[in-house]
Amino acid sequence: MPQASSSIGVFDSGVGGLSVLRALIAALPHERFVYLADSGNAPYGERGDAFVARRTHAITEYLRSQYDIKALVVACNTATAAAIHEVRSSHPELPLVGVEPALKPAVGLTHTGRIGVLGTRGTLTSAKFARLQASLGGQAEFVVQPCDGLAHAIERSVGWPSGPNAPGTETFALCEKYLASMKPFGSAPGSIDTLVLGCTHYVFVEEALRSLVGPQVQLIETGEPVARQTRRLLEQKSLLAPEDPRARPPAPVLLTTGALELLQTAAARWLQLPPECCSTVAIP
Ligand code: DGL
């Protein structure tokens with residue numbers, strides 16, 4: 001049985017969910033985290049629901065059996081759309097938090113009434129996303145753009161000295177291409193003034209996106225609300241780790257089914273974590 005001192009599991013198709021882990025560590029510094037990057041099987045976005053649901057189940061079983069996790073954060077919009085309801089029914093006692101494109105907050109923020117949404121094809125063509133969009137029907141216009149290849153390009157670019165945000169990189173070119181088909185951006189009537197990052201990988205190209213859409217456009221991601229929801233759930237179940245101000249925050253455990261160096265580089269670049277935190281696992 002998991003205890004308050006047990007770890008919180010966090011998983012994504014790859015390194016993108018580190019953007020959510022970063023927000024979780026900031027909001028819950030006394031918690032232990034075990035992060036699983038399924039980089040050996042990434043990207044999920046163009047793989048289809050059955051494949052993504054199978055991986056989500058296998059990873060949930062693995063984290064429960066090997067780490068006795070007290071809660072699971074599915075830090076992947078694509079896996080949340082394809083499988084969260086099934087995980088909820090096969091693990092009814094496990095506190096579970098998913099991520100979905102932040103359309104509701106965007107509706108509250110837009111002035112022009114035009115909201116751009118970037119995500120994977122899997123997320124944006126899912127029934128879950130269609131329901132979310134329909135529930136907000138009439139409140140704003142959504143310009144939805146699946147970004148094939150972008151999450152994969154971000155995974156590949158982690159180790160490059162220039163990083164994924166520099167003009168001239170493959171990631172920058174993809175951002176440019178997808179945003180060009182959504183124009184115009186800005187605060188003028190008829191323009192997109194709010195851009196939802198509906199994939200956890202895209203937080204790591206925020207700088208490139210910002211430089212392309214201009215300063216008047218608000219970019220919205222989901223790390224902080226997910227961290228708040230995780231805290232609420234743990235509080236309800238009396239599973240929050242004790243907050244001892246003298247104790248050093250425990251280092252997270254980072255696991256990957258893919259290349260170790262990729263995870264180590266991403267962890268150093270985005271979370272300032274040492275390579276010893278990272279190791280590889282096989283999850284068939
Ligand atoms: N980071 C994931 C998401 O939030 C998936 C990216 C991918 O593997 O295609 O959707």
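Indexing begins at 1, ligand by ligand and atom by atom, following the structure's order. Predicted model only: the values in this text are computed from it and were never measured.
Smallest separation of non-hydrogen atoms from Leu209 and Leu219: CB-CD2, 4.2 Å. Taking all atoms of both residues into account, the shortest heavy-atom contact from Ala37 to Val15 is CB-N, 4.5 Å.
For the residue pair Asp193 / Thr110, a side-chain donor-acceptor distance below 3.5 Å is found, with atom types taken as modelled.
Remark: side-chain polar atoms of Asn165 are paired, donor with acceptor, to backbone N or O of Phe204 under 3.5 angstrom.
The CZ atom of Phe51 lies 12.0 Å from the OG1 atom of Thr78; values are rounded to the nearest 0.5 Å.
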Could you tell me, for ligand 1, which of its N or O atoms are under 3.5 Å from any protein N or O, listing the pairs and their distances rounded to 0.1 Å?
from: ligand 1; atom 1: 1 (N); to: Asp12; atom 2: OD1; distance (Å): 3.0
from: ligand 1; atom 1: 1 (N); to: Asp12; atom 2: OD2; distance (Å): 3.4
from: ligand 1; atom 1: 1 (N); to: Thr200; atom 2: OG1; distance (Å): 2.9
from: ligand 1; atom 1: 1 (N); to: His201; atom 2: ND1; distance (Å): 2.7
from: ligand 1; atom 1: 4 (O); to: Asn77; atom 2: N; distance (Å): 2.9
from: ligand 1; atom 1: 4 (O); to: Asn77; atom 2: ND2; distance (Å): 3.0
from: ligand 1; atom 1: 4 (O); to: Thr200; atom 2: N; distance (Å): 2.9
from: ligand 1; atom 1: 4 (O); to: Thr200; atom 2: OG1; distance (Å): 3.3
from: ligand 1; atom 1: 8 (O); to: Ser13; atom 2: OG; distance (Å): 2.6
from: ligand 1; atom 1: 8 (O); to: Tyr44; atom 2: N; distance (Å): 2.7
from: ligand 1; atom 1: 9 (O); to: Tyr44; atom 2: N; distance (Å): 3.4
from: ligand 1; atom 1: 9 (O); to: Gly45; atom 2: N; distance (Å): 2.8
from: ligand 1; atom 1: 10 (O); to: Asn77; atom 2: N; distance (Å): 3.4
from: ligand 1; atom 1: 10 (O); to: Thr78; atom 2: N; distance (Å): 3.2
from: ligand 1; atom 1: 10 (O); to: Thr78; atom 2: OG1; distance (Å): 2.6

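By the 4.0 Å N-to-carboxylate-O rule, Lys70 lies close enough to Glu31 to be salt-bridged with it.
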